[in-house]
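Lettering follows sequence order; numbering is per chain, from 1. Every heavy atom of this structure was used, including side-chain atoms; hydrogens, water molecules and symmetry mates were not. As the structure is a computational prediction, the values presented were derived from the model and not from experiment.
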Amino acid sequence: MDKINTIHEINALIDAGEITYEDVAMKYLDRIEDVEGKVDSFLKIMKEEALEQAKAADAATDEKPHSELFGIPYGLKDNICSEGVETTCASKILKGFIPPYDATVSSKLKAAGAIVLGKTNMDEFAMGSSNENSSVKSTKNPWDLSRVPGGSSGGSAACVAADEVVFSLGSDTGGSIRQPASFCGVVGMKPTYGLVSRYGLVAFASSLDQIGPITKDVTDCAIVLNHIAGHDEKDSTSVRKEKEDYTSYLDTNIKGLKIGIAKEYFAEGLNPDVEKSLQEAIEVYKSLGAEIVEVDLPNSKYALSAYYIISSAEASSNLARYDGIRYGYRAEEYDDLMDLYKKTRSQGFGDEVKRRIMLGTYALSSGYYDAYYKKALQVRTLIKRDFDEAFKNCDVLLSPTCPTTAFKLGEKSDDPLEMYLSDIYTVPVNIAGIPAISVPCGFDSNGLPIGMQLTGEAFGEKHILKAAYAYEQATDHHRKKAKL
Amino acid sequence: MKLTKEDVIYVADLARLEIDENEVDKYVEQLGKILEYEDQLNQIDTTDVLPTAHVLPVKNVLREDVPVPSLDREKALMNAPSQDKGCFKVPKVIE
Amino acid sequence: MEYEIVIGLEIHSELDTKTKIFCGCSTAFGAEENTQTCPVCLGLPGVLPVLNKKVVEYAVKAGIATNCNIARFSKMDRKNYFYPDLPKAYQISQFDLPICENGSVEIDVDGEKKTIGITRIHIEEDAGKLNHDSTGTYADNNRCGVPLIEIVTEPDMRSAKEARAFAEKIKSILEYTEVSDCKMQEGSLRFDVNLSVRKFGDPLGTRTEMKNLNSFRALERAVEYEAKRQIFEIEQGNKIIQQTRKWDDDKTESYSLRSKEEAHDYRYFPDPDLVPVVLTEEYISNIERHLPKLPWVRKAEYMEKWNLSDYDAEILVASKEIATFFEKTVDVCNDAKSAANWLMGDISATMNEKGISIEEAGFSPEDLGELVNLINKNTISTSIGKQVLKEMFDSGKKPSVIVQEKNLAQMSDAGELKGMVLEVMKANPQSVEDLRSGKEKAIGFLVGQIMRQTKGKANPQMVNELIKECMNEI
């Protein structure tokens, strides 16, 4: 049973007739039973439904060939809608909201036969880097329960790291998949903007949000991406593009692959253990025959500033619909309509969400639009240009995913700006709309996982998957497991 | 640009958030700090730089004018905190 | 008059599409509350809008028909404000790059022509409908997301008549281009008036806005009222306050809407969920080529081909339905003048009286053509024709059938008529004497007697001749 670990390993065991889908489901449900009390990955666990589906999967085994995700248990971030299943974004304001529709990724995974074990915890409305902004509870890092799992997809990363599911889906607006993947020692990918449909993903910042997989290894990442990528008529920003088989790029031969290193990503504030691991990774790449080149990303230091304006401005508008009229929470007492709005929203949203709504409203308000919002969109142009230039000289960019490893619960929760700095390496990728993956690349002196970020040009998933796979096959960081 | 108390009250009102006196000070401090950080944007020369609203050059995504079934009213209203007469109910609005 | 009234209009028109602007829900009017909604138009979390192709096409049509420049690049923006009829708390509209700009439309008031500038036309979504009673306010979201164009004019109008003429012109353009059904009773066409007054030669005064005027009459009366009100205020030495007012057509007065607690700060920004609309020359010229004939083109044709007066032609083309009805009628009877007279006279009067449209009149252009033919061939007289028309409205029967069934054909049998003429002349010797002594008027009395006896069916021409003929026989 120890071999039950990744999607491809489970499929091999099923094909060999060694285990059933029910065995698989039971294994994960038992594990949830054992460790969920410590980790707190989930907001909702769907045990009965999952077991029923697994039994049905066993009964259906003899029919047509199944997809690789058939009968595979996974975790769904609580900002992705699944018809009939409460979706709250870990916010009081959406308490009790039952979507009468599926997100496109949910229906795709349903069609593939994957089994949802539960909705995963997150920072409220995906705003945060530690999961401490969940209105329900804080998820803990499986490697050290006194530390945060990262965020906002903290639940999705923790449940994979804790072996509560085989894989999960998260969403990434400024690093919300990659940063928790890095903190929890798993693989997390933010695909190119427009590759995966956003339909049914509760919007935080529409021009930055993207759904992506969190998995045990790079092969699983490619498998899940195969199932969630693709054009969707319901999403105007989804791109029409020929379908690719991402597993076909998983190749250990990377001779001649050009890996770009930007000095801006190895600047002050970078934890020495993280830096050391990254240097070792660069050596691994050299030994595999990759070519290391230096590139410049001069405007990336402005990315965080631009990010907080753009994302907060969009959020202030996207979150205006939570007004207590059509769904979710409504204040119990109010005098009139204005009072209903104000009380509902003030009681329903947490501090960080309110702070960003305030910031975004301010940035869009009369007299400030040009100085903040328009300026941020112009800086976005400059950042994008930097990446365009860099990718003329390299296939992938290598950097740390985060400046540090997982920090202690409560350590940064009083200082919003300090917390924001955790996203300094991940944010430029969202600003430019390009893809990036975080893969485990070592451990710090406390035994906490370190993540390496590989970034590609728009729709260059194949390059980053290939580079990540080759590295993973040459190392064994991804095989280490958190002791719980 | 220095954020003032009046700014905070104005913005909270626009965003339909109720904040009390203590919170106003807290927001002035926290948002002020963030905006100070944001001021580095002003160091950048963006003359003649076009703003990027969309990272991808997608255009003209259009839908055919073909009706699809609507939600049953029951489903449309099922999440409403208050509903009556087939409608979402709110306190009386005086126009 | 000492004061000049300065008027600009904002006209909202619901487009005649089958589905809403960003989702596949039906736009049909009059459905039960909240039965034409879906996650998209209800603004549920996570759903996304996709723009209706026809909305772009219709907006471009309206733009071409109003001589606008069509934008090669336009985009959708969010206008943020809270209201219970706006599920997303923002309206998707267009801010700085509308789809049409810089157009103009010519109006005609009492024979004087004037060009009214069109600032812009943009596309946007309609809001829902709020029903109020003593227990609360009830939001019906069926109308949420119904596509609109907003036509914004320059402040070029100077009187209520001009404002009305412009509004009527826009209605006819939108009908001709089939962009909107313009059913005003269903709210498909709504007017907002921006109005200020000034002494001649002065700079523009402070303006007020009156919202949601739903009929031409309301528009005209609201303009007159507001102009008077502003002039009165100024005469009293008061300042005009910039404000939004609501017109009460029943009370024929307007009142200030309670000024909102905040200034309008809509925080427009480009909607990240929607991508730009980029139109090619080919797309635009293709729409231009297939644009239905516009009213002023038809008017010119009527005047040239059929010698109709400017006035008659203007009235006929004001409504597309009437113009089309008219053209089909002329196809049958080949007598444009008569067809025009019927349509502008008795038919229009009856329609007004019954409050119906030409489509609801119950007869076809072929029927009206036949009626004109019956008169022109002297089968019936014009006055009998009026009776037949009334019957057509009531029963929908063909004119020839009515004439036959009611035995209304003119008596043109000389033998039969002559007997009657002789009898009448014998019974009225005084009139015969008067006529003989040169009092021509007397003949009218005698003809009238015959017409009365024949219930109007006698051919008056023939009766006249027979009287003269019989003078010698008496």
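Using modelled atom types, one finds no donor on one side chain facing an acceptor on the other under 3.5 Å when comparing C:T17 with B:D65.
Here the side chains of C:V56 and B:L62 are in contact, with some heavy-atom distance below 4.5 Å. Taking 4.5 Å as the limit, every side-chain heavy atom of C:L51 sits out of range of all side-chain heavy atoms of B:R63.
Listed options B:L77, B:V68, B:V66 were ranked by heavy-atom pairs under 4.5 angstrom with chain C; first place goes to B:V68. When B:P67, B:A15, B:P51 are compared by the number of non-hydrogen pairs under 4.5 Å with chain C, B:P67 comes out ahead. Chosen from C:G128, C:A89, C:S134, C:P39, the residue pairing most often with chain B at heavy-atom distances under 4.5 Å is C:P39. Note on C:N52, C:V50, C:L44: by heavy-atom pairs under 4.5 Å with chain B, the leading option is C:N52. The residue among C:L274, C:D271, C:N131 with the most heavy atom pairs within less than 4.5 Å of chain B is C:L274.
For a residue to count as touching a neighbouring chain, one of its non-hydrogen atoms must lie under 4.5 Å from one of that chain's; by this rule C:L15 does not touch chain B. Heavy atoms of B:D84 lying under 4.5 Å from chain C belong to its backbone as well as its side chain. For chain B, no part of C:K75 is nearby; none of its heavy atoms comes within less than 4.5 Å. The part of C:P270 that comes within reach of chain B is its side chain, from C-beta onward, which places non-hydrogen atoms under 4.5 angstrom from that chain. Residue contact with chain B, scored on non-hydrogen atoms closer than 4.5 Å, involves the backbone and the side chain of C:T135 alike. Using a 4.5 Å cut-off between heavy atoms, C:F22 contacts chain B through its backbone alone, with no side-chain atom that close. Using a 4.5 Å cut-off between heavy atoms, C:L42 touches chain B through its side chain atoms alone. Of the two parts of B:A53, only the side chain, counted from C-beta on, holds a non-hydrogen atom closer than 4.5 Å to a non-hydrogen atom of chain C. For B:L56, no part sits under 4.5 Å from any heavy atom of chain C, backbone or side chain. Neither the backbone nor the side chain of C:C41 has a heavy atom closer than 4.5 Å to any heavy atom of chain B.
For C:V277 against B:N60, the heavy-atom pair with the smallest separation is CA-OD1, 3.2 Å.
Pairs engaging residues 29-39 of chain C under the side chain to side chain donor-acceptor pair (under 3.5 Å) rule: B:R73-C:E32 [sequence neighbours left out].
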Taking only distance into account, with no hydrogens and no angle test, what donor-acceptor pairs under 3.5 Å do side-chain atoms of residues 85-93 of chain B form with protein atoms, sequence neighbours excluded?
from  : atom 1 : to     : atom 2 : distance (Å)
B:K85 : NZ     : C:D133 : OD2    : 2.4
B:K92 : NZ     : C:D133 : O      : 3.3

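Enclosure of atom NZ in C:K183 is not indicated, since only 12 or fewer non-hydrogen atoms of other residues, nucleotides or ligands lie within 6.0 angstrom.
Looking at B:R16, its side chain never comes within 3.5 Å of a backbone N or O of C:F82 through a donor-acceptor pair.
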